[in-house]
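Working notes for the structure below.
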Number of protein chains: 2
Amino acid sequence: MILKSQVEWALHCCAILAGLPEGRYLSTKALAELHGLPKEYLSKALQSLSQASLVETTLGPSGGYRLAKTPSDINFLEIVEAVEGKARSFTCTNIRANNPCRPEGYCDSKPCAVARIMWEADEAWRDTLRRVRLSDLVGTLSEEVPADIWRRTFEWVLKRAG
Amino acid sequence: MILKSQVEWALHCCAILAGLPEGRYLSTKALAELHGLPKEYLSKALQSLSQASLVETTLGPSGGYRLAKTPSDINFLEIVEAVEGKARSFTCTNIRANNPCRPEGYCDSKPCAVARIMWEADEAWRDTLRRVRLSDLVGTLSEEVPADIWRRTFEWVLKRAG
DNA sequence: GGAATTAAGGATATATCATATCCGAAAACC
DNA sequence: GGTTTTCGGATATGATATATCCTTAATTCC
Ligand code: FES
Ligand code: FES
């Protein structure tokens, strides 16, 4: 069970977009260069964010992406689910129904106890991600990333933002 | 991000083994029949449980598997990790290091803030699984599975247990 | 001792999914 | 009108999950 690398990409891209001044857009090309990622494939991740209405886009030169909501209105789970999908990590194939001792046509009233526990754990994972806002991440990063790197990065970004 | 179906298989097999009388073994063949699973492939899952020292085995006719510990000393996480591996679901490829604005040879002191949050969620998932004991599952199942099916199942199992 | 049964592990095949690239269409800017 | 951009579809490649087969060694039963 491993998350796709797109998750890391999407989260970092959102963190950058969160630092963009009101009304400006940043292109896939710039985001790919900044993170050293394949532009075409990163584009798929950004499209996922777009379909989830987390980012807005505009075409043409000076086009690109910007956040569709303020960073405090976006949480980690939204971003992760946008690229990873909303499906639960555990899928029950109902093997209990194969028990030869069950009467023909017997129908279970509840989901299997095993599945319920696995889903509870899945929900705990989602809850943790839901509680972290994009603005929290930006706050942590601005504290931890050395001030000169942080400043130069956003100068670099602004030079390319349309 | 999807767990392998072996996880469901292993959990259900452990639930059955938990109901086995002291000192008896149950074969892969019986466990596969009971759950309607491919015997050869289920065998791989059981081997994983064996390597994790969750079950003990013996060879020959009347051989098979039994739990290596009491059901209250086994938790869900142990079983899940035995077949799924202990690797974290989020892997950081350190894309922040590709930032062209970083000085040559700059070395981060901490893991990335993004990764720390994803790992925290992962830990919440594991914590939930760690808190559920195999004995808890058996308790729930014995309450929820209709008494006659439950009884017939273990008659079926005992007939095949060596 | 010999035949049958079983777990363990290696080799291999297949299907599904993640990763990655390419292209054409439509929109926006100059 | 030409350029730049997002978007979606098509396609290729690699990794992993699923599944089967076969050999070996240990154990049981006759
Ligand atoms: S039958 Fe699927 S988890 Fe129990
Ligand atoms: S660099 Fe990997 S999560 Fe930030």
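Note: hydrogens, waters and symmetry copies are ignored here, and every other heavy atom, side chains too, is used. Just so we're on the same page: letters track the sequence lines, and every chain starts at 1.
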key: Closest-nucleotide ordering on DNA chain C, the 5'-leading residue of B:Gly63 and A:Ser5   = B:Gly63
ask   = Between the side chains of A:Asn94 and A:Arg96, does any donor sit under 3.5 Å from an acceptor?
value = yes
query = Contact class for B:Ser43 vs. all strands (heavy atom < 4.0 Å): base, sugar-phosphate, or nothing?
reply = nothing
remark   = Scanning both residues in full, the closest heavy-atom pair of A:Lys39 with A:Thr28 reads O-CG2, 3.5 Å
ask   = Any side-chain N or O of A:Gln47 less than 4.0 Å from the OP1 or OP2 oxygen of D:dG8?
value = yes
query = Counting any heavy atom closer than 4.0 Å, what does A:Glu84 reach on the DNA or RNA strands: base, sugar-phosphate only, or nothing?
reply = nothing
query = Using a cut-off of less than 4.0 Å, is there contact between a side-chain N or O of B:Ser27 and OP1 or OP2 of C:dT5?
reply = no
request  = Look at all strands and tell whether B:Tyr65 reaches a base, only sugar-phosphate, or nothing, counting heavy atoms closer than 4.0 Å.
outcome  = sugar-phosphate
task = Using a 4.0 Å heavy-atom cut-off, write out nucleotides 24-30 of chain C from 5' to 3' as B (base contacted by protein), S (sugar-phosphate only) or - (no contact).
result = ---BBS-
inquiry  = Less than 4.0 angstrom between a side-chain N/O of B:Tyr41 and OP1 or OP2 of C:dT12, yes or no?
reply    = no
Lys/Arg cation over aromatic A:Trp156: A:Arg152, 6.0 Å, 45° cone = no
message = How many whole angstroms separate atom CD1 of A:Ile95 from atom P of D:dT18?
response = 13 Å
task = Taking the side chain as every heavy atom from C-beta outward, state whether B:Leu26 and B:Leu17 have any atom pair closer than 4.5 Å.
result = yes
ask   = When we call it a touch if two heavy atoms are under 4.0 Å apart, what does A:Gln51 touch: a base, just sugar-phosphate, or nothing?
value = sugar-phosphate
note = Sorted by position of nearest nucleotide on DNA chain D, 5' first, the leading residue of B:Ile2 and B:Glu40 is B:Ile2
key: Gap between atoms CD and P, on A:Glu8 and C:dT19 respectively (whole Å)   = 11 Å
query = Looking just at side-chain N and O atoms, do A:Tyr41 and A:Gln6 make a donor-acceptor pair shorter than 3.5 Å?
reply = yes
inquiry  = If you compare all heavy atoms of A:Glu144 against all heavy atoms of B:Lys110, which two are closest, and at what distance to 0.1 Å?
reply    = OE2-NZ, 3.2 Å
task = Using atom NZ of B:Lys4 as one end and atom P of C:dT16 as the other, report the distance to the nearest whole Å.
result = 18 Å
ask   = Do the side-chain N and O atoms of B:Thr93 and A:Glu8 include a donor-acceptor pair separated by under 3.5 angstrom?
value = yes
inquiry  = It should be established whether B:Thr57 places a side-chain nitrogen or oxygen under 4.0 Å from OP1 or OP2 of nucleotide C:dA8.
reply    = yes
ask   = Separation of A:Leu31 atom CG from D:dT5 atom P, in whole Å?
value = 12 Å
ask   = Is the phosphate of D:dT5, meaning OP1 or OP2, less than 4.0 Å from a side-chain N or O of A:Thr28?
value = no
ask   = Reckon B:Gly64 touches a base, only the sugar-phosphate, or nothing at all at heavy-atom distances under 4.0 Å?
value = sugar-phosphate
